[in-house]
Amino acid sequence: MTVADKPTHFIRAKIADQIKQGQITEIVTRFPPEPNGYLHIGHAKSICLNFGLAAEFGGRCNLRFDDTNPEKESQEYIDAITTDVQWLGFQWDQICHTADYFEQLFEWALCLIRQGDAYVDEQSADMMRANRGTLTEPGVDSPYRDRTPEENEALFLKMRAGEFEDGACVLRAKISMSAPNMNLRDPALYRIKHVSHPRAGDQWCIYPTYDFAHGQSDAIEGITHSLCTLEFEDHRPLYEWLLKKLPVPCRPKQTEFSRLELEATVTSKRKLNTLVSEGHVEGWDDPRMPTIAGMRRRGYSPEGIQLFCERIGVTRKPNTIELQTLEGAIRDDLEGRAHKAMAVLDPVDVIVTNWEDDALELDVPWHPKRPELGTRVLPFGRHVLIDRSDFELDPPDGFHRLVPGGAVRLKYGFIVDFEDVDLDADGRVQTIYVRYDPTTRSGQDQSGRKVKGTIHWVHAETAKTATVRLYDRLFTVSDPGRHEDLAACLNPESLKTQSARIEPALDVLMPDAYFQFERVGFFKQDPDSTEGQMVYNRAVGLRDTWAKKST
RNA sequence: UGGGGUGUGGCCAAGUGGUUAAGGCAGCGGGUUUUGAUCCCGCCAUUCGUAGGUUCGAAUCCUACCACCCCAGCCA
């Protein structure tokens with residue numbers, strides 16, 4: 001897609017306008033995750049927005065780790081985030097860490113102190129909370145609020161020197177304790193944490209807060225558009241207050257958009273963490289997780305996720321996207337990308353009674369519309385397996401698969417006519433007997449015969465056995481985010497593991513390929529796979545209007 | 001009962017005073033099809049949170065009301 005045919009949204013429109021008006025010549029954005037967890041689908045929206053916009057307008061986008069709280073952050077998350085952003089298909093201009101700005105931020109804190117715009121408060125956290133007031137009542141000034149700049153500077157230096165315990169005091173902006181916006185009631189700028197930092201090591205025992213770090217970091221990097229979610233809107237006056245008070249190189253502008261809410265999905269880091277730590281899923285990359293790592297393992301493609309992010313738009317409205325919107329985007333992308341092959345998940349024996357020869361090796365394309373994907377060998381013979389659901393003794397109206405007295409095409413093979421069926425004592429189909437029509441070989445059919453259906457199959461002798469993992473939504477409720485007891489709304493059927501018979505070509509490691517099991521769904525080889533013992537994850541099923549009608 | 005936001009079809013989303021309110025997803029109907037997939041065609045809001053008002057004319061302007069979301073971390 002080019003800029004012209006992408007659906008527009010208010011941020012894209014605004015940038016286009018600014019460029020047109022000559023107000024800016026280049027845009028610089030940043031994606032600023034805190035490395036305290038894995039990236040999820042909500043972050044994907046932000047990544048696509050920030051990197052996408054920069055690419056579209058010929059600008060730059062930085063990946064910035066907003067690492068101001070060493071208590072929660074770790075190198076594991078930094079590495080995972082780096083991997084995920086690249087996998088999603090984006091390349092940053094610079095990789096940055098707020099920690100690398102700590103010295104400059106400290107200098108700026110000193111500036112504020114000398115200007116009389118910040119003070120060291122020795123009230124306890126509880127006291128500060130009590131004195132902050134409420135939503136409807138103003139707060140009370142701290143008894144330490146009127147210290148002189150000299151006194152504050154001396155204290156702040158002592159904070160840095162490690163002369164105070166954690167929590168003994170904090171640097172606060174001196175704004176107003178009666179501001180209706182709670183964020184302006186003398187917000188904390190620096191706090192004491194005798195904790196070593198994943199990047200800065202033991203250099204610091206005081207760390208800036210988000211509010212004191214974010215805008216100035218944006219300014220240091222020359223960010224033109226600081227995009228963030230709506231919950232930061234109330235912080236914007238503070239963001240601007242700091243940039244105005246400080247001798248920063250430029251004044252970035254913050255623009256907010258609404259965060260992504262996905263049906264039947266949780267995206268709070270706390271809740272995702274609970275799922276992992278309580279063992280409800282197998283890890284951050286469990287294919288049922290809405291994490292980028294999880295979606296990657298499940299078999300979603302980066303382009304499919306990008307397509308989804310483009311389709312959902314960017315606004316300031318609260319929104320909850322239906323799961324089918326995500327699945328639709330993934331299918332739309334995978335349809336053109338996947339290698340298409342045959343696998344039978346619930347096999348039943350079929351004997352082709354008039355086939356006397358050895359196996360016939362059919363040469364069939366991986367994708368009928370994409371010859372460049374090449375071909376593979378598909379064996380056919382006397383004994384094949386078809387899916388149990390593709391035969392009905394007593395078919396409902398409109399059923400066009402194999403039935404007694406009927407005929408069906410074995411895809412890429414021949415048309416076969418029903419001959420007989422063996423049932424076991426319970427009336428369950430045991431073996432189906434058919435005759436193949438030699439004049440109907442795919443690609444050289446001279447019979448002119450038409451049959452109602454074409455089904456998939458594998459050759460019994462050469463087929464391999466694989467494990468398939470069939471995933472379904474993790475939660476039974478559409479709004480798990482609103483339920484405190486997550487365990488109570490877990491879907492017990494979110495993962496079904498079973499074996500399947502696969503054609504030989506599917507028994508080869510192709511870790512980067514996406515597959516479609518014809519008539520079944522899109523699959524990806526799990527990293528647990530080994531040749532001879534493949535594991536296929538179902539990313540998403542095919543659209544199935546027949547199943548829909550019959551229910 | 002403070003401040004900041006948001007309300008357009010089942011879900012998203014254009015639209016910012018003047019043709020019959022874009023488009024996507026989902027749904028429905030039909031065509032093509034060696035995947036009941038894909039692809040193609042068609043249908044799907046007399047109405048824009050509600051009630052008033054301004055205007056020749058309103059989803060767009062004004063007023064009032066209603067609903068929902070965010071903010072009282074030394075989290076981000």
Side-chain angles (χ1 to χ4, degrees), chain A residues 7-9 13 32-34 36 66 68-69 71-73 121 123-125 128-130 132-139 166-172 178-185 187-193 206-207 209-211 213-214 228-237 256 258 263 269-270 308 310-329 331-332 335-336 340 342 368-369 398-401 408-413 415 440 442-443 445 450-456 516-521 541-550:
Chain A
T8 193
H9 53 68
E34 181 189 13
N36 69 341
D66 210 356
T68 57
N69 186 358
E71 280 171 339
K72 298 184 173 179
E73 298 153 8
D121 195 345
Q123 292 183 105
S124 66
M128 268 182 66
R129 189 178 312 118
R132 186 151 29 232
T134 67
L135 295 178
T136 52
E137 301 156 29
D166 284 11
C169 52
V170 52
L171 183 71
R172 289 229 255 175
S178 56
N181 180 344
M182 298 299 283
N183 295 299
L184 264 21
R185 315 250 259 233
L189 268 21
Y190 265 92
R191 63 302 210 193
I192 301 170
K193 287 177 192 283
I206 58 172
Y207 293 97
T209 58
Y210 163 84
D211 283 313
H214 206 90
C228 63
T229 45
L230 241 26
E231 63 268 29
F232 292 101
E233 185 163 29
D234 288 346
H235 292 246
R236 181 156 30 105
E256 312 84 14
S258 48
E263 185 190 15
K269 279 183 187 169
R270 200 194 95 236
F308 168 73
E310 201 55 60
R311 282 183 179 174
I312 60 176
V314 180
T315 67
R316 294 169 61 85
K317 285 194 292 194
N319 62 84
T320 303
I321 310 295
E322 294 174 329
L323 232 33
Q324 55 195 15
T325 301
L326 209 210
E327 293 174 347
R331 283 193 193 102
D332 285 354
E335 167 55 32
K340 301 184 174 189
M342 303 221 262
K369 293 178 185 168
F399 186 82
H400 50 249
R401 306 176 192 178
V408 74
R409 174 175 289 280
L410 297 180
K411 184 162 174 114
Y412 291 128
I415 289 177
T440 59
S442 280
D445 188 331
K450 292 285 181 200
V451 285
K452 281 186 297 184
T454 298
I455 62 174
H456 59 103
Q516 180 191 103
F517 290 176
E518 302 222 25
R519 303 210 307 136
V520 178
L542 258 33
R543 177 180 285 108
D544 188 350
T545 50
W546 170 249
K548 205 170 285 172
K549 274 182 191 165
S550 47

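If you check distances only, the side chain of A/E137 never reaches the base of B/G2 with a donor-acceptor pair under 3.5 Å. In this model, no side-chain donor or acceptor of A/H456 finds a partner on the base of B/A37 within 3.5 Å. On a pure distance criterion of 3.5 Å, a polar donor-acceptor pair joins the side chain of A/R409 and the base of B/U34. Between the side chain of A/N181 and the base of B/G4, no donor-acceptor pair under 3.5 Å is found.
In this structure A/Y412 satisfies the ring-ring contact (aromatic ring centres under 6.0 Å, His included) test with no other residue, sequence neighbours excluded. Partners of A/S178 by side-chain hydrogen bond (donor to acceptor under 3.5 Å, both in side chains), not counting sequence neighbours, listed by chain and number: A/S176. Residues satisfying the side-chain hydrogen bond (donor to acceptor under 3.5 Å, both in side chains) test with A/R185, not counting sequence neighbours, are none. Under the side chain to side chain contact (heavy atoms under 4.5 Å, CB included) criterion, A/T134 pairs with A/T136, A/E137, not counting sequence neighbours. By the side-chain hydrogen bond (donor to acceptor under 3.5 Å, both in side chains) test, A/D211 is found to be paired with A/H235, residues two or more places apart in sequence or in another chain being considered. Evaluation of the side chain to side chain contact (heavy atoms under 4.5 Å, CB included) rule for A/V520 yields A/L345, A/H456, A/F517, A/F523 as partners, not counting sequence neighbours. For A/Y207, the ring-ring contact (aromatic ring centres under 6.0 Å, His included) criterion is met by A/F102, A/H197, not counting sequence neighbours. Under the salt bridge (charged side-chain N to carboxylate O under 4.0 Å, His left out) criterion, A/R316 pairs with A/E233, A/E256, sequence neighbours left out. Residues that satisfy the side-chain hydrogen bond (donor to acceptor under 3.5 Å, both in side chains) test with A/T229, not counting sequence neighbours, are A/E231.
Between the C1' atoms of B/C41 and B/A51, the separation comes to 43 Å (whole Å). The same atom, P, is picked in B/A45 and in B/C11; the two are 15 Å apart, to the nearest Å. A gap of 26 Å separates the P atoms of B/G53 and B/U1, to the nearest Å. B/G23 and B/G9: their P atoms are spaced 16 Å apart (whole Å). Rounded to whole Å, the P atom of B/G2 lies 50 Å from the corresponding atom of B/C43. Remark: the separation of the P atoms in B/U16 and B/G49 is 16 Å, to the nearest Å. For the P atoms, the distance from B/U54 to B/C70 is 38 Å, rounded to whole Å. A distance of about 16 Å separates the C1' atoms of B/U20 and B/C48, rounded to the whole Å.
Minimum atom distance to the side chain of A/E34 is reached by B/A76, of the listed B/C25, B/A76, B/A13. Picking from B/G2, B/A14, B/C70 the nucleotide with the shortest atom distance to the side chain of A/H9 gives B/A14. Distance from the side chain of A/M182 is smallest to B/G2 among B/C75, B/G3, B/G2.
For B/G36, neither phosphate oxygen OP1 nor OP2 lies less than 4.0 angstrom from any side-chain nitrogen or oxygen of A/R401. In terms of phosphate contacts, A/T136 brings no side-chain nitrogen or oxygen within less than 4.0 Å of OP1 or OP2 of B/U1. For B/C71, neither phosphate oxygen OP1 nor OP2 lies less than 4.0 angstrom from any side-chain nitrogen or oxygen of A/R236. An OP1 or OP2 oxygen of B/U35 is reached within less than 4.0 angstrom by no side-chain nitrogen or oxygen of A/K452. Using a 4.0 Å cut-off, no side-chain N or O of A/R185 falls inside it from OP1 or OP2 of B/C71. For B/A37, the OP1/OP2 oxygens have a side-chain nitrogen or oxygen of A/T545 closer than 4.0 Å.
Nucleic acid contact for A/A188: sugar-phosphate only, since backbone atoms but no base atoms lie under 4.0 Å from a heavy atom of the residue. Using a 4.0 Å heavy-atom criterion, one finds that A/K340 contacts the bases of the nucleic acid, with or without backbone contacts as well. Note on A/D66: only backbone sugar-phosphate atoms sit closer than 4.0 angstrom, heavy atoms only; bases stay farther off. No engagement by A/G453 is indicated, since no non-hydrogen atom pair under 4.0 Å with the nucleic acid exists. Using a 4.0 Å heavy-atom criterion, one finds that A/Y190 contacts no nucleic acid atom at all. Within 4.0 Å of A/G336, counting heavy atoms only, lies no atom of the nucleic acid at all. Counting any heavy atom pair closer than 4.0 Å across all strands shown, A/I321 reaches sugar-phosphate atoms only and no base atom. At a threshold of 4.0 angstrom between heavy atoms, the contacts of A/S178 with the nucleic acid are absent. Across all strands shown, A/T209 has heavy atoms under 4.0 Å from sugar-phosphate atoms exclusively, and none from any base. As judged by a 4.0 angstrom heavy-atom cut-off over every strand, A/Y207 is placed among residues making no nucleic acid contact. Note on A/Q516: a base of the nucleic acid sits closer than 4.0 angstrom, heavy atoms only. At a threshold of 4.0 angstrom between heavy atoms, the contacts of A/Q123 include nucleobase atoms, whether or not backbone atoms are also involved.
In this structure, A/N183 places its CG atom 10 Å from C1' of B/G3, rounding to the nearest Å. Distance, A/K450 NZ to B/U33 P: 6 Å, rounded to whole Å. The interatomic distance linking A/D211 (CG) with B/C74 (C1') rounds to 12 Å, in whole Å. When rounded to the nearest whole Å, the span between CD of A/E322 and P of B/A13 equals 12 Å. Following rounding to the nearest Å, A/R132 (CZ) and B/G3 (P) show an atom-to-atom distance of 19 Å. Rounded to whole Å, atom P of B/C69 lies 15 Å from atom CG of A/L135. With rounding to whole Å, A/E310 atom CD is found 18 Å from B/C12 atom P. Between A/H400 atom NE2 and B/U34 atom P there is a gap of 12 Å when expressed in whole angstrom units.
In plain terms, the two heavy atoms of A/P237 and A/L184 that are nearest each other are CB-CD2, 4.1 Å. Annotation for A/G453 and A/V408: closest pair O-CG2, 3.2 Å, computed over non-hydrogen atoms.
Looking at RNA chain B, the stems built from 3 or more consecutive Watson-Crick or G-U wobble pairs, each pair with its key distances under 3.5 Å, are B:2-7 with B:66-71, B:10-12 with B:23-25, B:27-31 with B:39-43, B:49-53 with B:61-65.
Rounded to the nearest 0.5 Å, atoms CD (A/E263) and CD (A/Q324) are 7.0 Å apart.
A side-chain donor from one of A/S442 and A/R409 sits under 3.5 Å from a side-chain acceptor of the other.
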Could you go over nucleotides 6-9 of chain B and give all protein N or O partners under 3.5 Å, atom names and distances?
from, atom 1, to, atom 2, distance (Å)
B/U6, OP1, A/R316, NE, 3.1

Nucleotide N/O of nucleotides 22-24 of chain B paired with protein N/O under 3.5 Å:
none

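Residues A/E34 and A/K72 are not paired through a salt bridge, judged by the lack of any N-O separation under 4.0 Å between the basic side chain and the carboxylate.
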